[in-house]
Participant: 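Sharing a structure, written as structure tokens. Questions coming.
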Protein chains: 2
Amino acid sequence: MTCSAEYTLQLRARGFRMTSQRLAILHVLRHEGTHLSPGEIYKKALMELPGLTEPTVYRTLEFLAENGLARSSHAGGGRLTYQIAAADHHHIVCRVCKTEIEVEHRLLSSLYHALETASGFKNIGSHVTFFGVCPKCQTN
Amino acid sequence: MTCSAEYTLQLRARGFRMTSQRLAILHVLRHEGTHLSPGEIYKKALMELPGLTEPTVYRTLEFLAENGLARSSHAGGGRLTYQIAAADHHHIVCRVCKTEIEVEHRLLSSLYHALETASGFKNIGSHVTFFGVCPKCQTN
DNA sequence: TGCCTTATTGTAAGTTTTTGCAATAACAAT
DNA sequence: ATTGTTATTGCAAAAACTTACAATAAGGCA
Ligand SMILES: [Mn+2]
Ligand SMILES: [Mn+2]
Ligand SMILES: [Zn+2]
Ligand SMILES: [Zn+2]
């Protein structure tokens with residue numbers, strides 16, 4: 001089964017519909033892999049699907065994130081970016097030089113458990129961005 | 001010494017200037033205590049300082065956050081909110097009902113240590129927003 | 001006090017993101 | 001295949017946020 005058929009079934013199971021707009025955006029996210037801004041996603045998806053509009057891109061990205069097919073992050077500054085949902089991970093961004101690294105969720109999972117125990121919340125999600133000072137900028 | 005004089009000295013020490021705009025915004029943040037959007041802050045500060053403009057509010061909030069006098073967060077949805085800098089803390093927001101609780105930084109200090117050891121980054125900052133499902137929504 | 005440097009602000013315009021609503025199209029049922 | 005229901009989209013406008021640059025004013029110094 002193709003991966004787009006997978007996505008379609010996942011949405012149908014929740015009572016949602018697959019559309020050409022959602023497929024085009026998912027295709028862009030899968031193809032790029034990295035975090036992308038809504039504007040970048042719009043430009044790329046527009047080439048696959050002429051007539052696609054910006055409000056649809058914004059709504060679709062939020063929808064995909066809510067339904068676990070995409071992840072959103074505030075990596076850079078205040079602006080949201082999106083990427084396809086894959087292995088659980090987090091980010092650390094250097095406050096000085098803006099370098100960004102990924103951290104596997106596995107490294108923090110026991111501490112997430114502690115957080116869940118202490119707070120009573122369950123199913124606390126990954127893909128958090130932390131800010132710190134990178135090794136290179138510590139020496140300068 | 002008044003707290004505004006404290007703020008003034010903190011800025012001067014870094015080569016920055018205290019202005020009526022910064023004082024008005026700091027006063028609003030101190031008075032409210034909670035997270036506020038730039039628009040809310042603008043409306044309140046405008047009453048204290050007629051003539052204040054929105055671009056100044058956005059720039060000032062970013063400036064105050066960079067210099068440790070305010071904290072920014074993405075608590076709600078995609079939008080940034082700000083609050084006065086005080087005790088280190090984090091937030092957990094319920095994905096279902098949007099209820100938000102505060103978590104003392106102390107609870108996460110071992111997570112932060114693990115993160116600093118694993119990544120090599122130092123001085124990783126607090127005030128992170130986690131998303132999960134609150135106790136009440138777990139039962140429903 | 002009065003001047004000088006330059007950090008900071010206001011203005012005006014641009015860009016990004018959101019919203020309400022009518023038109024469209026997915027897909028379940030016939 | 002045709003139809004009906006309604007989730008989803010496009011459109012148009014509004015709201016939120018950013019930018020470039022000239023005007024202003026904070027605060028160091030004579
Ligand atoms: Mn990521
Ligand atoms: Mn907070
Ligand atoms: Zn760095
Ligand atoms: Zn809840």
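Only a predicted model underlies this, so the values are computations on that prediction, with no experimental measurement involved. A note on names: the letters A, B, ... follow the listed sequences, proteins ahead of strands, and every chain is numbered from 1. Keep in mind that the numbers below use all heavy atoms, side chains included, and drop hydrogens, waters and symmetry copies.
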Participant: Where each residue is assigned the nucleotide of DNA chain D containing its nearest heavy atom, which of B/Met18 and A/Thr19 is assigned the position nearer the 5′ end?
Facilitator: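 Per heavy-atom nearest nucleotide, the more 5' residue is A/Thr19.
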Participant: Measure OH/A/Tyr58 against P/C/dT16 and give the value in whole Å, please.
Facilitator: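 Taking atom P of C/dT16 as the reference, OH of A/Tyr58 is at 7 Å.
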Participant: A/His74 has an atom NE2; how far is it from atom C1' of D/dC17, in whole Å?
Facilitator: 15 Å
Participant: Under 4.0 angstrom, heavy atoms only, what part of the nucleic acid is A/Gly51 near: base, sugar-phosphate, or nothing?
Facilitator: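 Sugar-phosphate: the residue A/Gly51, judged by heavy atoms under 4.0 Å, touches backbone atoms but no base.
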Participant: Under a 4.5 Å cut-off applied to non-hydrogen side-chain atoms, are A/Phe121 and B/Val103 in contact?
Facilitator: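 A/Phe121 does not reach B/Val103 side chain to side chain.
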Participant: Starting at atom CZ of A/Arg12, determine the distance to atom P of C/dC27, rounded to an integer number of angstrom.
Facilitator: 4 Å
Participant: Does a donor on one side chain sit under 3.5 Å from an acceptor on the other, for B/His127 and B/His89?
Facilitator: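 Side-chain D/A pair, B/His127 to B/His89: present.
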Participant: Want to settle it: does B/Ser37 or B/Gln21 sit nearer the 5' end of DNA chain D, counting the closest nucleotide to each?
Facilitator: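 Whichever sits nearer the 5' end wins; that is B/Ser37.
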Participant: How many Å lie between CZ on B/Arg17 and P on D/dG27, as a whole number?
Facilitator: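 B/Arg17 atom CZ is separated from D/dG27 atom P by 7 Å.
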Participant: Are side-chain heavy atoms of A/Met18 and A/Leu26 found at a separation under 4.5 Å?
Facilitator: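 When only atoms from C-beta onward are counted, A/Leu26 and A/Met18 do touch, with a gap below 4.5 Å.
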Participant: Would you say a side-chain N or O of B/Thr56 is under 4.0 Å from OP1 or OP2 of C/dG10?
Facilitator: yes
Participant: Among the candidates D/dA7, D/dC11, C/dT17, find the nucleotide nearest to the side-chain atoms of A/Pro55.
Facilitator: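 That would be D/dC11.
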Participant: Between atom CG in B/Leu26 and atom P in C/dT8, what is the gap in whole Å?
Facilitator: 13 Å
Participant: Closest to the A/Arg79 side chain: C/dT9, D/dC17, C/dT17?
Facilitator: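 When the side chain of A/Arg79 is considered, C/dT17 is the closest of C/dT9, D/dC17, C/dT17.
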Participant: Taking the side chain from A/Arg95 and the backbone from B/Asn123, do they hold a donor-acceptor pair closer than 3.5 Å?
Facilitator: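 Checked: pair present.
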Participant: Write down the distance between CD (B/Glu40) and C1' (D/dA16), rounded to a whole number of angstrom.
Facilitator: 13 Å
Participant: Given D/dT19, C/dT8, D/dA7, identify the nucleotide with an atom nearest to the side chain of B/Arg22.
Facilitator: C/dT8
Participant: Between D/dA12 atom P and A/Glu54 atom CD, what is the distance in whole Å?
Facilitator: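 That distance rounds to 14 Å.
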Participant: Mind calculating the distance between CG (A/Asn67) and P (D/dA7) to the nearest angstrom?
Facilitator: 14 Å
Participant: So what does A/Leu80 touch, heavy atoms closer than 4.0 Å: a base, only the sugar-phosphate, or nothing?
Facilitator: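 Touches nothing.
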Participant: Using side-chain heavy atoms (C-beta onward) and a distance below 4.5 Å, is B/Thr81 in contact with B/Thr34?
Facilitator: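 Sidechains of B/Thr34 and B/Thr81: no contact.
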